[in-house]
Protein chains: 2
Amino acid sequence: MLFLGTRQMHLVVRPLSTVKTSLFYSTSSHVPARAMVYAQYGKPSEVLRVHKHALPDIKPQDVHIRFLAAPINPADCNQVEGVYPIKPPFNTSLGSDEPVAVGGNEGVAEVIALGDQVKGFNVGDKVVMAQAGRGTWRTHAALPASEVQLLPGFNNQVSLVHAATLTVNPSTAYRMLNDFVELKEGDYVIQNGANSAVGQFVIQIAHAWGLKTINVVRDRPNLDELKEYLTSLGATHILTEEELSKRETRSKLKGWLDGRKLRLALNCVGGKNATELGRYLDHEGKHVTYGAMSKQPMAVPAAPLIFKDVSYHGFWVSRWTDTHSRQEREAMFGDLIDLIKQGKLREPVWEKVSWKLNASEQEIETAFKEAVDKGITGFGKGKQIVFFED
Amino acid sequence: MLFLGTRQMHLVVRPLSTVKTSLFYSTSSHVPARAMVYAQYGKPSEVLRVHKHALPDIKPQDVHIRFLAAPINPADCNQVEGVYPIKPPFNTSLGSDEPVAVGGNEGVAEVIALGDQVKGFNVGDKVVMAQAGRGTWRTHAALPASEVQLLPGFNNQVSLVHAATLTVNPSTAYRMLNDFVELKEGDYVIQNGANSAVGQFVIQIAHAWGLKTINVVRDRPNLDELKEYLTSLGATHILTEEELSKRETRSKLKGWLDGRKLRLALNCVGGKNATELGRYLDHEGKHVTYGAMSKQPMAVPAAPLIFKDVSYHGFWVSRWTDTHSRQEREAMFGDLIDLIKQGKLREPVWEKVSWKLNASEQEIETAFKEAVDKGITGFGKGKQIVFFED
């Protein structure tokens, strides 16, 4: 009955047969949508601006979605600066005078309308973008159904923060633990930058899967506090970079491993510390780089490559997404959502950025740019997450 | 009839039914065999000595072989020095007072007798060792048939030099060109140390397979001569290390590649030059280290690992042999022998070392140690190859 009601609601804009919509559908072709766009690369707080536009009439293979929440990731800012390998499309499809791109790479949205040829989606479904670079800093989007993807098992046990940030950090941790080395329960993984956003998910997912972690962090004044926090996430052992480079650490690690082989090292730091990680890898061990916080290349010695079959790889979740099927990605989302429901993955530390649907462009831009600056400089109290709110 | 004759010859030593031997069988349990052995690691010319022993009566699953030719490879010398990852077994199985190991890792031998449970071999077959580290600097050996392996297609078109040196250098080149990246005719491979023993086989095998090579060599006074030589082997392009590091080389290479992707780099040098090779790799390119002549580690930047899925590997033919089936190794030998018969693989530059079966221990040791010193220092006129001669 409700469903029928919504169909009738839309009789005003297009033939009944082509549209299925939800009660939440507060934006139609009459209601303006807004997007945070940029016409050229540059400093995000300088080049970003709000663009107001109408959603088009729905096409047979399209969905209309409204965004619920989207983070401001460091990589999103690099993208606006033009220094990220994924370049978003610049075009006038939103009716702008000059070609623009929409910022943001991840976020969670809700399906509010379906073209009549769309299969596999229902109005009200929570979705994420099928690829990076398609723009998530916006209230609404009209796009082919193939460009969004379901979150299997999503329900109200899963927070919007978790859903909005599922596709980058937890997915990166999941894939790196799953795809490079076949690990059995009780096996060890070593990682540096263990308190990074991905590092924390590595700890939690490894812990949930029965794996053990050796976590390397930089020394700092509040080290004990950090150790306590990482331990509470499930970290097995924690070492500082200084400790890792000491000779006696080798025998300490040997004791921890107790005969098990160390075959996976995860590196987001680079430089000397990344080289150190490699030293601890056993035969056929894999060293996986997903970041370079120190901005230093690492030195790779020849002997472990040749005689121990140690190999060095990189991981980038956007490439993984582009080279794997929707089914594989959905299966991963399903697993992650199960872990979230079981309370095994904490939300990242985050700070709310409110994007009121009825605010003025000026208000939205001001709040957003402040958040972008925090996102770049790390002066915020955690990950900046934009909530699109009535 | 001849065969019957050899059986009768051996009636004196053991029951007819257990032995099949060849006319070449000049050593029985009465005839002394000799091996170049060492009781402790050290400088080869100091620790090596000739050990004289009798071949045992043949066991049901054993073969007796006589060696025809065996090279003195640099790695063999490292092994005697105790600095090579493969440690040979030290034992008294040859009747020595103290435990000794037999030097040498590769060589070609001929089957001279078969235990009665041995299948798949005939007297007269040419064989190589099934694994490294089993000792090839010896006139004869008695060992399980499982420890030797046939050379499919071997005939008198294949020189003893080729056969004696098939398992290390040509096999390394073959595997590196075959196992890491799926290359199609016309695809390019880049390698440094292109004039190394393996490098020359890379050029020749690539050429035979329709692949193109970009070959990096050190600058030297006789560069033109070297270029001419490598070109005669089939090298497509030759660059000095200095040229490789120049900015304009990128556009030169782009012209050569003409739209093809460069996805395989072979490195036996290390250091800065190995890093340079990596810079030229396209997406999903693989960088394979099989040597470290410069003794310098290479710097690996993070961006190509993360964003281009470039990965760094090592290759060691001994490990390949240990982790792959006899069938796969035989198939490779068959392919290499076909190439040799077609005149597509030249013998390495070599110098003969004569090991006369009837010489005195003193004479053998003197000639051998002189060759070992040349093998280590590279002052010889090429690879030192020991011929075991009547």
Side-chain angles (χ1 to χ4, degrees), chain A residues 75 78 83-87 132 172 176 179-180 192-193 198 266-279 281 283-320 322-323, chain B residues 75 78 83-87 132 172 176 179-180 192-193 198 266-279 281 283-320 322-323:
Chain A
N78 297 152
V83 297
Y84 196 65
I86 296 179
K87 312 293 180 198
T172 297
M176 293 194 302
D179 296 354
F180 289 89
N192 60 23
V198 171
L266 306 178
N267 163 46
C268 65
V269 174
K272 185 169 167 288
N273 188 255
T275 302
E276 294 282 352
L277 283 196
R279 291 225 176 91
L281 283 172
H283 280 79
E284 296 170 37
K286 295 189 178 176
H287 188 291
V288 182
T289 291
Y290 67 96
M293 289 198 259
S294 76
K295 301 194 176 166
Q296 297 297 313
M298 62 185 157
V300 172
L305 290 174
I306 301 173
F307 299 123
K308 289 171 73 182
D309 201 14
V310 165
S311 55
Y312 287 74
H313 305 260
F315 183 78
W316 187 28
V317 73
S318 299
R319 187 185 57 243
W320 185 89
D322 288 349
T323 54
Chain B
N78 297 151
V83 297
Y84 196 64
I86 296 179
K87 311 294 180 195
T172 297
M176 292 194 302
D179 296 355
F180 289 89
N192 61 22
V198 171
L266 306 178
N267 162 46
C268 65
V269 174
K272 184 169 166 288
N273 188 254
T275 302
E276 294 282 352
L277 283 197
R279 290 224 177 92
L281 283 172
H283 280 78
E284 295 170 36
K286 294 188 178 175
H287 188 289
V288 181
T289 291
Y290 67 96
M293 289 198 260
S294 75
K295 302 197 177 166
Q296 296 297 314
M298 61 185 156
V300 172
L305 291 174
I306 300 174
F307 299 123
K308 290 171 72 181
D309 201 16
V310 165
S311 55
Y312 286 73
H313 306 261
F315 183 78
W316 187 28
V317 73
S318 299
R319 187 185 58 242
W320 185 89
D322 289 349
T323 54

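Computed from heavy atoms alone, side chains included, the values below leave out hydrogens, waters and symmetry copies. Chain letters run A, B, ... following the sequence lines, proteins first and then strands; every chain starts at 1.
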Engaged part of K308(B) at the chain A interface, taking heavy atoms whose separation is under 4.5 Å: backbone
Nearest 0.5 Å, please: how far is NE2 in H313(B) from NZ in K286(A)? 8.0 Å
Quick one: list whatever passes side-chain hydrogen bond (donor to acceptor under 3.5 Å, both in side chains) with N78(B), sequence neighbours left out. E81(B)
Could I get the full list of side-chain hydrogen bond (donor to acceptor under 3.5 Å, both in side chains) partners for T172(A), not counting sequence neighbours? none
Under a 4.5 Å heavy-atom criterion, the part of residues 292-302 of chain B in contact with chain A comprises A292(B), P297(B), M298(B), A299(B), V300(B), P301(B), A302(B)
Counting only heavy atoms closer than 4.5 Å, note whether F315(B) contacts chain A via side chain, backbone, both or neither. backbone
Between Y290(A) and chain B, with a heavy-atom cut-off of 4.5 Å, which part of the residue counts as in contact: side chain, backbone, both or neither? backbone
Could you pull out the closest heavy-atom pair between Y312(A) and L305(B), with the gap in Å? O-CD2, 4.0 Å
Can you tell me how far the CD1 atom of I86(A) sits from the CZ atom of F307(B), to the nearest 0.5 Å? 8.5 Å
Taking heavy atoms only and a threshold strictly under 4.5 Å, list by residue number the residues of residues 266-276 of chain B that touch chain A; give 'none' if the list is empty. none
